[in-house]
Amino acid sequence: MSDKPVVTRIAPSPTGAMHIGTARTALFNWLYARHTGGKYLLRVEDTDRERSTEAAVQVIFDGLSWLGIEADETPVFQASRADRHAAAVAEMLARGSAYRDFMTPDELEAERTAARAEGRVVRSPWREAAPNDAPDRPFVVRLKAPLDGETVIDDQVKGRVVFQNKDLDDLILLRTDGTPTYNLAVVVDDHEMGVTHVIRGDDHLNNAARQTLIYQGLGWTPPVWAHLPLIHGPDGTKLSKRHGAQAVGEFADMGYLPEAMRNYLAKLGWGHGDDEIFNDEQAIAWFDIKDVVGAPARLDWDKLNHLNNHYIRLAEPGRLADLVAAILKSRDWPPHDGDLEKLASVIPFVRDGAKTTLELADAVIFALKRRPLAMSDKGKELLNEETRARLGRLRDVYATQGVWDVPSLEAVNRGFAESEGVGLGKIGPALRQVLSGGSPAPDLAGALVSLGKDESLGRLDDALSLGG
RNA sequence: GGUCCCUUCGUCUAUCGGUUAGGACGCCAGGUUUUCAACCUGGAGAGAGCGGUUCAACUCCGCUAGGGACUGCCA
């Protein structure tokens with residue numbers, strides 16, 4: 001709220017996969033920090049020891065670095081800060097803004113039922129108990145929240161949200177085993193990490209009010225809040241596995257480029273006028289939390305594909321070659337010497353129609369095939385006597401062709417068809433089969449160029465000698 | 001049940017009370033064409049409903065309906 005430098009953070013919990021919504025939240029935090037010249041931090045919320053695993057932590061690191069949004073400082077692990085959390089609770093106890101609650105699980109359950117029936121919030125009888133009434137049994141520490149008045153969240157996305165304090169319960173700060181709960185840990189960590197802007201999913205909007213009370217109980221100033229709507233599946237329900245993908249890693253495996261994801265995710269819930277395609281510099285220059293849309297957005301595969309295609313067409317062929325090679329390897333495609341170079345030279349001819357690098361991998365196979373190519377049934381059908389003779393003459397034309405590029409070969413093909421007195425339609429399909437062996441391939445000239453003169457002539461010779 | 005959030009073309013969105021409600025993806029039609037794409041041109045397509053405030057409402061307010069979140073000693 002002041003002119004302090006902005007500090008944002010992403011605080012995922014390592015529970016197995018990193019949801020794409022978490023990735024977008026990270027993106028927005030990153031964009032806002034960059035936009036304001038502030039810092040963007042990462043904190044791993046691993047206080048749930050049962051679910052947190054090292055592998056799950058790695059998933060978060062991998063997902064974030066794949067997306068290209070690196071934190072400005074080394075990650076903080078929440079579990080390692082337990083002593084700080086405990087100290088904060090001790091402070092609250094001392095200040096009288098927290099109390100020990102000795103309710104048994106059964107009593108709590110009964111109170112919960114009663115409270116719900118009466119349409120009110122759970123209240124503990126220990127809230128006003130004298131300190132020396134303390135029985136000798138396990139207890140939790142609860143926030144002693146105000147019973148009346150209101151708590152206002154001046155949210156940057158949702159606007160002014162007012163909560164009646166009577167509707168806010170005394171949340172648990174420390175569990176029976178002395179470990180801190182999420183709401184306490186978040187407040188303590190955010191405060192001590194110097195976080196100025198908490199930008200997170202709007203499933204936390206209610207928590208913001210209660211966390212504000214904790215800030216007050218500690219005598220601290222709450223951060224600026226910004227609650228982002230969630231990302232839904234194409235059908236408007238919560239995004240889940242059955243929508244095709246949910247985790248960041250899955251998008252990577254499906255052949256999406258990180259810059260395409262960044263552009264697409266940025267456009268989900270935020271926008272800058274009519275701009276659809278923009279790079280990181282533009283996004284950083286334009287981004288402001290205040291422009292984030294308050295309503296949930298649905299994941300639109302068509303649009304993601306469109307953007308991914310755009311970025312595939314922009315990418316360095318060498319980089320795409322590496323990506324495609326990795327995909328082919330995972331399909332047990334045996335690599336040969338020079339394949340990587342071949343890929344880089346072929347990719348420019350086949351990338352226009354590729355929505356993902358998976359499709360790019362499909363599109364490139366025709367060029368990697370080794371002679372002699374197996375002829376498809378369709379190819380055999382097309383190669384009748386007449387066509388065979390014609391391709392023979394075309395082969396001789398190619399043999400004398402010096403400049404082997406797209407414009408020249410297009411001219412050659414047209415000229416040849418003319419000299420034969422037929423349309424290209426009489427030649428193209430058969431030639432395509434001969435060159436590609438029935439695999440998807442670019443247009444004729446593109447196929448010839450990406451194959452190279454020697455390979456093209458070789459494949460022609462193979463086909464023409466077949467059944468002589 | 002209680003508290004809170006959300007609601008413009010199929011989808012993502014623009015619109016700071018006055019616009020023929022704009023763009024993008026997708027869709028449809030046509031063009032180009034040797035396949036599939038890509039590409040070019042054109043087209044259809046929206047303010048959830050009902051009240052109110054105002055000279056004027058998609059925009060402000062209220063109600064209803066429909067989605068969603070929270071209501072855990074999970075985060």
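In what follows, chains are A, B, ... by sequence order, proteins preceding strands, each numbered from 1. Below, all heavy atoms of this structure are taken into account, side chains as well, without hydrogens, waters or symmetry copies.
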Identify the nucleotide, in any strand shown, that forms a Watson-Crick or G-U wobble pair with [N], with both distances under 3.5 Å; if there is none, say none.
N	value
A37(B)	none
C16(B)	none
U53(B)	none
U7(B)	A65(B)
G42(B)	C28(B)

Measure from the side-chain heavy atoms of [X] and tell me the nearest of [options].
X	options	result
P429(A)	A69(B), U34(B), C25(B)	U34(B)
D302(A)	A75(B), G23(B), C25(B)	C25(B)
K303(A)	A69(B), A24(B), U35(B)	A24(B)
H306(A)	A75(B), G23(B), A24(B)	A24(B)
L444(A)	A75(B), U34(B), C73(B)	U34(B)
D352(A)	A38(B), C6(B), C4(B)	A38(B)
R313(A)	A75(B), A38(B), C4(B)	A38(B)
R210(A)	C25(B), C70(B), C5(B)	C70(B)
D202(A)	C5(B), C4(B), A75(B)	C5(B)
L424(A)	U34(B), A75(B), C25(B)	U34(B)

Provide a list of protein-nucleic acid N or O atom pairs under 3.5 angstrom, restricted to nucleotides 20-22 of chain B.
unit_1	atom_1	unit_2	atom_2	d
G22(B)	N2	D274(A)	OD1	3.1

Exercise. Assign each of H272(A) and L174(A) to its nearest nucleotide of RNA chain B by heavy atoms, then name whichever residue's nucleotide is nearer the 5' end.
Key: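 Nearest-nucleotide comparison on RNA chain B picks H272(A).
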
Exercise. Nearest-nucleotide wise, let me know which of E276(A) and G271(A) is further upstream toward the 5' end of RNA chain B.
Key: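 Taking each residue's closest nucleotide, the earlier one in sequence belongs to G271(A).
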
Quiz item: Could a donor-acceptor pair under 3.5 angstrom be found where the side chain of R116(A) meets the base of G2(B)?
Solution: no

Exercise. Using only heavy-atom distances, decide whether a donor-acceptor pair under 3.5 angstrom links the side-chain of R432(A) to the base of U34(B).
Key: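 Indeed there is one.
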
Less than 4.0 Å between a side-chain N and a carboxylate O, is that true for [Y] and [X]?
X	Y	value
R390(A)	E386(A)	yes
E111(A)	R116(A)	no
K426(A)	E420(A)	no

What nucleic acid atoms does [X] come within less than 4.0 Å of, heavy atoms only: base, sugar-phosphate, or nothing?
X	answer
P12(A)	nothing
P296(A)	sugar-phosphate
G269(A)	sugar-phosphate
F163(A)	sugar-phosphate
V161(A)	sugar-phosphate
V293(A)	sugar-phosphate
V162(A)	sugar-phosphate
H204(A)	base
N207(A)	base
D203(A)	sugar-phosphate
A441(A)	base
D167(A)	sugar-phosphate

Taking only the side-chain nitrogens and oxygens of [X], find out if one of them lies under 4.0 Å from OP1 or OP2 of [N].
X	N	answer
R100(A)	C73(B)	no
R142(A)	G72(B)	no
T179(A)	C73(B)	no

Quiz item: Do R24(A) and F28(A) meet the cation-pi criteria used here (NZ or CZ under 6.0 Å from the six-membered ring centre, within 45° of the axis)?
Solution: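 Yes.
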
Quiz item: Taking the C1' atom of each, how far is C36(B) from G42(B), in whole Å?
Solution: 24 Å

Quiz item: Checking side chain to side chain donor-acceptor pair (under 3.5 Å) against H227(A), which of Q156(A), R200(A), H204(A) comes through?
Solution: R200(A)

Exercise. Please answer whether the main-chain N or O of V324(A) pairs with a side-chain N or O of T357(A) as donor and acceptor at a distance below 3.5 Å.
Key: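 Pair absent, no side-chain N/O of T357(A) close to backbone of V324(A).
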
Exercise. Tell me, with the steps shown, if F251(A) and W301(A) meet ring pair (Phe, Tyr, Trp, His ring centres under 6.0 Å).
Key: CA-CA 11 Å; F251(A) 287 86; W301(A) 291 101; 5.4 Å; yes

Quiz item: Is the closest side-chain heavy-atom distance between K303(A) and E276(A) below 4.5 Å?
Solution: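 Heavy-atom side-chain distance check passes, below 4.5 Å.
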
Practice problem: Run through R84(A), R43(A), R9(A) and flag the one making a salt bridge (Lys or Arg N to Asp or Glu O under 4.0 Å) with D189(A). | Solution: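 Result for salt bridge (Lys or Arg N to Asp or Glu O under 4.0 Å) with D189(A): R43(A).
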
Quiz: residues 136-145 of chain A side-chain donor-acceptor pairs under 3.5 angstrom, not counting sequence neighbours:
unit_1	atom_1	unit_2	atom_2	d
R137(A)	NH1	F102(A)	O	2.3
R142(A)	NE	D101(A)	OD2	2.6
R142(A)	NH1	D170(A)	O	2.7

